[in-house]
Amino acid sequence: MVNQQHGGNRWARAVIPALLIHISIGTVYCWSVFKQLIADQMHVAPGVVEWGFSLAIFFLGMSAAFLGPFVEKDIKKSALISTVCFVCGFAGTGVSIAVGWLPGVFIFYGVIMGIGLGVGYLTPVKNLMLWFADNKGLATGIAVAGFGLAKAIASPVMQWLISTVGLAPMFYILAAVYAVMMLLGFALIKRPDGYVYSAEARIRRRDIMKKPVFWAIWLAFYLNITCGLALISQEKDILHDALSILPKYASLDATQLATAIAGSISVVLAVDAIFNAAGRVGFSTLSDHCKRRETAYSVIFIMSIAVCALQIFTHSIDNGILWLIVTMLFLVNAGYGGGFSTLPVLLEQHFGMKSVSTVHGLALSAWAFAGLSGNQLASFVVSHATDAAHRYSALLPIITALYAVALVSVIAVVLGTRGMRAAAQTR
């Protein structure tokens, strides 16, 4: 009824504010644009500065986990808190860079901005599911796609601003832009008429954590992010090695080779962002048309296992089979994005709409831990490979095995809930 009676308002009250908020906070993934510049200005190794991004993702997940009930209760306040934390964190990062205070980068970009990310990520999701009751997956997919596309939109803008006004002023200018966007989102966002928050109907977090189905979904989500980040974090180096051995580059000198490879990698990374966003819309929409939402996750994991196994059997990285490598990167990016957009509707299927923000926030704690483990897993495997020439190939069997565990976890969810229904019917 909400969907039919208020169809004319749902874009202004749900979709537009969701995109304004998610496109703003999604720029956290632009970290690679300026991390080396921060390291150079602070006179520290890039690995030290990297903790800024790791802390941002960790506090994103943990703030979502702890503040889910708050978002459930009042999305206007949560939208405002997200705006204040994100904008202050972004601007504070610029100030810290300007004065040369490295701990400030960790505090503002990692902690304060990270809290804004977590609250902002959660805020529009349930609202979209309420306004689009008949197409919940499509609605959440569109909004979360904004988070995925933010990097493609903001990266060239950041690069232009850095070259024009400098690194710290870039943060000030974009903080003002994001303040306007997110405040507009705050002003527009609204629950459908007739929606009433009920504290009594809300599921308590400790009750959620007692349910095996939650942990099975949590594990599948965690592994999808860990595998995606492990591969995505190494894709520039994988592409560099594969492109370097192609015959068309054999006659180039070092400068020409570096320029040609950089251009090719930029194109692949741009297409990556498109597949990431398409996966967010596509897989969540697929779940709308499946009897069970788990089907979308099963497709993601089967697809990911298949493309990674294909690289293992063909030795594509070692042999420079570029089309196979980019196919793997594109599809893994699509599955990575699809895992995010399908999560809230999958949780709603098992826990109901009344507490979906609470359950979703709790599940996003997996993102916090995967943000730490994904990059670290890849770095450990690559740096400890027995054969340096095949260091990236050593990563693929591990990722494939983890995707297989994730698939088993999703199958366990289906079998477990089916068994519970059957037992209930025989009572």
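Along the sequence shown, residues carry numbers from 1. Side-chain atoms are counted along with the backbone in the values below, which use heavy atoms only and exclude waters and symmetry mates.
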Once salt bridge (Lys or Arg N to Asp or Glu O under 4.0 Å) is applied, do any residues pair with [X], and if so which ones, sequence neighbours excluded?
X: Lys126; result: Glu72
X: Glu235; result: none
X: Arg280; result: none

Is the backbone of [Y] close enough, under 3.5 Å, to the side chain of [X] for a donor and an acceptor to pair up by distance?
X: Ser82; Y: Ser78; answer: no
X: Ser316; Y: Leu324; answer: no
X: Ser63; Y: Leu60; answer: yes
X: Asn127; Y: Arg13; answer: yes
X: Gln311; Y: Val307; answer: yes
X: Asn276; Y: Asp272; answer: no
X: Asp288; Y: Leu138; answer: yes
X: Ser365; Y: Leu362; answer: yes

Minimum heavy-atom distance between [X] and [Y], given as atom pair plus value:
X: Ala242; Y: Ile325; value: CB-CD1, 3.5 Å
X: Thr358; Y: Ile203; value: CG2-O, 4.1 Å
X: Gly320; Y: Leu246; value: O-CD2, 3.4 Å
X: Ser233; Y: Ala230; value: OG-O, 3.1 Å
X: Cys30; Y: Ala150; value: SG-O, 4.3 Å
X: Leu128; Y: Ala18; value: CD1-CB, 3.8 Å

**Prompt:** Can you find a heavy atom in the side chain of Ile189 that is under 4.5 Å from one in the side chain of Leu20?
**Reply:** no
side-chain hydrogen bond (donor to acceptor under 3.5 Å, both in side chains) partners for [X], two or more places apart:
X: Ser96; result: none
X: Ser287; result: Arg293
X: Thr285; result: none
X: Trp215; result: none

**Message:** Run the side-chain contact (heavy atoms from CB on, under 4.5 Å) test against Phe66 and tell me which residues pass, sequence neighbours left out.
**Reply:** Met62, Arg205
**Asked** Would you say the ring centroid of Phe132 lies under 6.0 angstrom from that of Trp11?
**Response** yes
Validation: residues 400-413 side-chain donor-acceptor distances under 3.5 Å, sequence neighbours left out:
unit_1 : atom_1 : unit_2 : atom_2 : d
Thr400 : OG1    : Leu396 : O      : 2.8
Ser409 : OG     : Ala216 : O      : 2.6

**Request:** Decide, yes or no, whether a salt bridge links Arg391 with Asp241 under the criterion of side-chain N to carboxylate O below 4.0 Å.
**Result:** yes
Hey, what do you get for [atom1] ([X]) to [atom2] ([Y]), rounding to the nearest 0.5 Å?
X: Thr83; Y: Ile21; atom1: OG1; atom2: CD1; answer: 6.0 Å
X: Thr226; Y: Phe221; atom1: OG1; atom2: CZ; answer: 10.0 Å
X: Met303; Y: Ser298; atom1: CE; atom2: OG; answer: 12.0 Å
X: Ile97; Y: Tyr109; atom1: CD1; atom2: OH; answer: 9.5 Å

**Asked** Restricting to pairs with a member in residues 260-310, which pass ring-ring contact (aromatic ring centres under 6.0 Å, His included), not counting sequence neighbours?
**Response** Phe275-Phe330, Tyr297-Phe301
**Asked** Which side-chain hydrogen bond (donor to acceptor under 3.5 Å, both in side chains) pairs, counting each pair once, include a residue from residues 41-51, with sequence neighbours left out?
**Response** Trp31-Glu50, Lys35-Glu50
**Fill in**
Residues passing the ring-ring contact (aromatic ring centres under 6.0 Å, His included) test with Phe147, sequence neighbours excluded, are His22, Tyr29, Tyr121, Trp367
